[in-house]
Amino acid sequence: MYTLLLAVIYLVFISLGLPDSLLGSGWPTMRLVFDQPLSAAGAVSMIITGGTICSSLLSERLTARFTTKGVTVASVFLSAAALFGFSVSTRFWMLCLWAVPYGLAAGCIDSAINNYVALHYRSRHMSWLHCFWGVGTVISPCVMSWALTRSGWQLGYRTVALMQLAIGAVLVLTLPLWRAHGGGEEQSARAGQVLGIRGALKIKGAPTLFVGFFAYCGAEGTSILWASSYLAGERGFSAEHAAASAAVLYVGITLGRFISGFIADKVGDRGMIRLGTGVVAAALVVLALPGGGELGALLGLGLLGLGNAPVYPAIIHATPANFGAENSQGIIGMQMASAYVGSTLMPPLFGLIANRAGLFWMPFFLAVLILLMIVMLETTFRTVEKNR
């Protein structure tokens, strides 16, 4: 039962990753249908992110009332409904409307499942959990490509919606498996306590944790958004070659999380964060050095993905140990909100810097964020140890 439930949880994270790369892969065709500029995808993405932040902040109250399994099942079906809504939209405002439940569903799943795995499974399973999210982000562009050759982008959204419905059906059929860990009710739910935003901010070490997570996700989001532009603008790649080569970053993240699972339990969460940060530092040096050519640029991006890979899962998995199982859902909800704010605000900020100073500064911008991250996280760990 324990192992089978874990397989179901991995499937849930594939479902979380499925919609994440669907908009980007379909937008070049979609925008023509809706007569919108290329930049209009940013408006849809911002609405999705806003919904995700809201549901992340509410995740503690929702799981306390409806349990992790209840929130997860409802969120998967809500995601399926939103994706189907995208597929039948005929006006741009309809896309914006359906983006609201789309974002709300993602935030609930992300916070609830991350907390559940952090409480009940080892660090290696957290790494593999996020590896399966990467699998979902790889599947959906393939689905959209297939749909565009046969019918249109609507078929792509409809197909992924059906995949979400199938995953939801599996969740319903496997609900008894959640008894392996007490039925999906968390510590705070059983105690009838809700930490809330104010309560989370009052816990010693938590505010610095949120700032560190904000910085990390800002750096990751910046590298993902601007990798292709950096290769084309600074390393002399053609536009087509740069777009394809940027996939090295995604492969590095996914592969790195798979590999991390084999060593995470031995190295520990804090050790994995330090190890990942060291690899990121090496990657930024490689990217910043002049004269590396195409090979140096690809090596730098690959190392950047490998270094980023263990940091996110390790920060999440360490939360119950640092702040207690009774506080973990509230803390993780705040972490998810910090993550989405960072990944939303920092990439556009670098875009403004690049407009004035050039893409050359991307490795240095990332270095500042990573330095802020490690200072904040080390401060958090020291504070937690002192409190103990």
>> Does any part of the side chain of Val117, heavy atoms only, come nearer than 4.5 Å to the side chain of Phe13, both counted from C-beta?
In response: no
> Less than 6.0 Å separating the ring centroids of Tyr230 and Trp361?
Replying inline: no
> To the nearest 0.5 Å, what is the distance between NZ (Lys69) and CG (Leu5)?
Replying inline: 10.5 Å
> When hydrophobic residues are tied together by side-chain contacts of less than 4.5 Å, even through go-betweens, does Val368 share a cluster with Phe214?
Replying inline: no
> When Val12 is tested against each of Val170, Val73, Leu171 for side chain to side chain contact (heavy atoms under 4.5 Å, CB included), which residue passes?
Replying inline: Leu171
> Are any non-hydrogen side-chain atoms of Phe92 and Leu95 less than 4.5 angstrom apart?
Replying inline: yes
>> Between Asn308 and Ile253 (side chain of the first, backbone of the second, donor and acceptor by atom type, cut-off under 3.5 Å), is there such a pair?
In response: no
> Do you reckon Leu62 sits in the same ILVMFWY cluster as Leu16, going by side-chain contacts under 4.5 Å, direct or chained?
Replying inline: no
>> Is there a continuous path of hydrophobic side-chain contacts, each under 4.5 Å between heavy atoms, that joins Leu162 to Trp98?
In response: yes
> Is Val100 reachable from Met46 through a run of I, L, V, M, F, W or Y residues, each pair having side-chain heavy atoms under 4.5 Å apart?
Replying inline: no
>> Could you check whether any side-chain heavy atom of Phe86 comes within less than 4.5 Å of a side-chain heavy atom of Leu22, counting everything from C-beta outward?
In response: no
>> Given 3.5 Å as the limit, does a donor-acceptor pair link the side chain of Asn114 with the main chain of Asp110, or not?
In response: yes
> Among His130, Gln335, His317, Met126, whose side chain to side chain contact (heavy atoms under 4.5 Å, CB included) with Tyr312 holds?
Replying inline: His130
>> Assigning hydrophobic clusters by single linkage (Ile, Leu, Val, Met, Phe, Trp, Tyr; side-chain heavy-atom cutoff under 4.5 Å), is Phe213 placed with Ile374?
In response: yes
